[in-house]
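The sequence lines fix the lettering, A, B, ..., with proteins before strands; numbering per chain opens at 1.
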Protein chains: 2
Amino acid sequence: MLESDGENGTVRIPEATVLRLPVYQRILQTFASAGRRTISSADLGRLSGENAASVRRDLSRLGTLGTRGTGYDVKMLSRQIDRVFAADSPQGVILVGAGNLGRALIHSESFFGHGSVLVGVFDADPKVIGTQISGHTVQSEDELEQTVAEHDVHLAVLTVPPSSAQRVAERLVAVGVHRLLNFAPARLHVGGHVTIRYVDLSIELQALGFYAREGEGRAGGPSVGTAGILTTPSVLSEMGTRRSSSAR
Amino acid sequence: MLESDGENGTVRIPEATVLRLPVYQRILQTFASAGRRTISSADLGRLSGENAASVRRDLSRLGTLGTRGTGYDVKMLSRQIDRVFAADSPQGVILVGAGNLGRALIHSESFFGHGSVLVGVFDADPKVIGTQISGHTVQSEDELEQTVAEHDVHLAVLTVPPSSAQRVAERLVAVGVHRLLNFAPARLHVGGHVTIRYVDLSIELQALGFYAREGEGRAGGPSVGTAGILTTPSVLSEMGTRRSSSAR
DNA sequence: TAGATTGTTAATCGATTAACAATC
DNA sequence: TAGATTGTTAATCGATTAACAATC
């Protein structure tokens, strides 16, 4: 039974769950390649570092997918998570800023491809414009408008220097791009209903350094999936060798 | 008055606050270079995308730093945040995995330097070992132990491929490194009391894509600082030009 | 004194998780 | 039937924020 309290009757999935689903997805893929048919919430929890109850609660948002006494069908669950992220009808994404980080993301095998396709790479530096990065020709920012319109782009990844971030963001918003993943260490202030997601790598390091000094080992659970702190109190038995599940 | 409920009488700063302090810090530095002496929680809130009450609550964790009716002294507050992250006595950090992402972080001006110093770069590829990256000679993993001991390293950044992440993590833990910032899209399972922070860039993009499709614009506040989703409903007046503060 | 702004309280909201009935 | 495991409830915990007394 699908939960449906969204305004339009759609499923409402909490942020924390959205950030964990891809983690489960990767575990499912490992299980699938290992030929495993089913997986329990206990196993998913162990391997993802989450509480088994959290896993079940997360998955129950997608519908009634499990079978009591048996667990979840690996392939079916994987397909359901793909469906949530619309992995079959990927959206066009552009990346602005072909510096070191931008290049790293473009080259990365895992960054794009889970519901997104890179359809354009832009940079302001004339020396970089026209060069190829992983099959993408770096374009001038003057071509932003055209590419955005052509591919109906709504999402942009910002890997520009912090000093240009605000200017570029404004330009993107003006062109109709209203979802930004901003890697520049700068807060963006743009009008309209624009959703901005900030990823600030130096803050992650600072936070870890803070807890190092506190000497606390602060677990507190893996807070918001992605960037959670997780203290592992014991060696976790790896799947694969395990028979059915209930290992300690 | 310092809050002190930590076991040993030290200040207990919540995770969410730790992730926002560096954001405030950057705003303070901008204010300082602009010659501004004080800043209000309202301004800090506007510029960081947080609620003013949240800002005050965050800052109150560090002590009683503000002056009623006036605001916070920019330089003093900046120093206090530096103190929290021990920016004056930086800790040695090593980076393992000199691929695209690793290089991007090493080259980044903002990644290291806020309480951390890069003291070693490692890679498994013989073609990369011995080369220089931003003044650091890439070392073989065989030299891990020596460097860790020499610089008393407790923190490592993992930018290895996901397939090597587990192996490298085990090796680091064995050598006594018990804080890991893991960029590999893989959950790590290690024994002992190791604090692991996960940064999974593809998940950030997937999450943004999810909300794009939901069409919800889902604000919900910038959840966990760093990686929060922030929907900007209106153009925010930028500081600098503003006189004292109370705009809006 | 009047205006501004902090620090803190209390209400609210959202996320986590133990517990257990339902059920394969 | 007995064992396993889900889906969901209810308790708990932590984070956000409106409101306001304190005070510069």
Inset, instruction - Check whether any side-chain nitrogen or oxygen of B:Ser41 sits under 4.0 Å from OP1 or OP2 of C:dT6, and answer yes or no. - result: yes
Inset, instruction - Using only side-chain N and O atoms of A:Ser40, determine if any of them is under 4.0 Å from OP1 or OP2 of D:dT5. - result: no
Legend entry - Residue matched to C:dC13 through Watson-Crick or wobble contacts both under 3.5 angstrom: D:dG14
Legend entry - A:Ile196 and A:Val190, any side-chain heavy atoms less than 4.5 Å apart: yes
Legend entry - Distance, nearest 0.5 Å, that separates CD1 of A:Ile27 from CG of A:Leu47: 5.0 Å
Legend entry - Euclidean distance, A:Glu50 CD relative to A:Leu44 CG, rounded to 0.5 Å: 10.5 Å
Inset, instruction - Report the base-pairing partner of C:dA21 (Watson-Crick or G-U wobble, both distances below 3.5 angstrom), or none. - result: D:dT6
Inset, instruction - Begin from the C-alpha positions of B:Phe210 and A:Leu21 and carry the test side chain to side chain contact (heavy atoms under 4.5 Å, CB included) through to its verdict. - result: CA-CA 11 Å; B:Phe210 172 79; A:Leu21 289 176; over 6 Å; no
Legend entry - Neighbours of DNA chain C within residues 65-75 of chain B, by heavy-atom distance under 4.0 Å: B:Leu65, B:Gly66, B:Thr67, B:Arg68, B:Gly69, B:Thr70, B:Gly71, B:Tyr72
Legend entry - Nucleotide D:dA4, atom P - distance to CD1 of A:Ile39 in whole Å: 18 Å
Legend entry - Spacing between A:Leu77 atom CG and D:dT5 atom P, to the nearest angstrom: 16 Å
Legend entry - A:Arg46 CZ - C:dT17 P separation (whole Å): 15 Å
Inset, instruction - Would you indicate, yes or no, if D:dT8 has its OP1 or OP2 atom less than 4.0 angstrom from a side-chain nitrogen or oxygen of A:Arg61? - result: no
Inset, instruction - Please tell me which of the listed nucleotides, C:dA15, C:dG7, C:dA19, lies nearest to the side chain of A:Pro14? - result: C:dA15
Inset, instruction - Take atom CG of B:Asn51 and atom C1' of D:dA18, then tell me their distance rounded to the nearest Å. - result: 8 Å
Legend entry - Whole-Å gap separating C1' (C:dT16) and CD (A:Glu15): 15 Å
Legend entry - Interatomic distance where CZ belongs to A:Arg56 and P belongs to D:dT5 [whole Å]: 11 Å
Legend entry - Contact nearer the 5' end of DNA chain C, comparing A:Arg57 with B:Ala42: B:Ala42
Legend entry - B:Asp82 and B:Arg79 ion-paired at < 4.0 Å: no
Inset, instruction - In whole angstrom, give the distance that lies between atom CG of B:Leu62 and atom P of C:dG7. - result: 10 Å
Legend entry - Whole-Å gap separating C1' (D:dA15) and CG (B:Asp58): 10 Å
Legend entry - Among D:dG7, C:dA18, C:dG7, the nucleotide that comes nearest once only the side chain of A:Ala53 is considered: C:dA18
Legend entry - Ion pair check, B:Arg197 and B:Glu15, cut-off under 4.0 Å: yes
Inset, instruction - Indicate, with a heavy-atom threshold strictly under 4.0 Å, whether A:Thr17 touches base, sugar-phosphate, or nothing. - result: nothing
Legend entry - Between A:Arg83 and A:Gln80, a side-chain donor and acceptor under 3.5 Å: yes
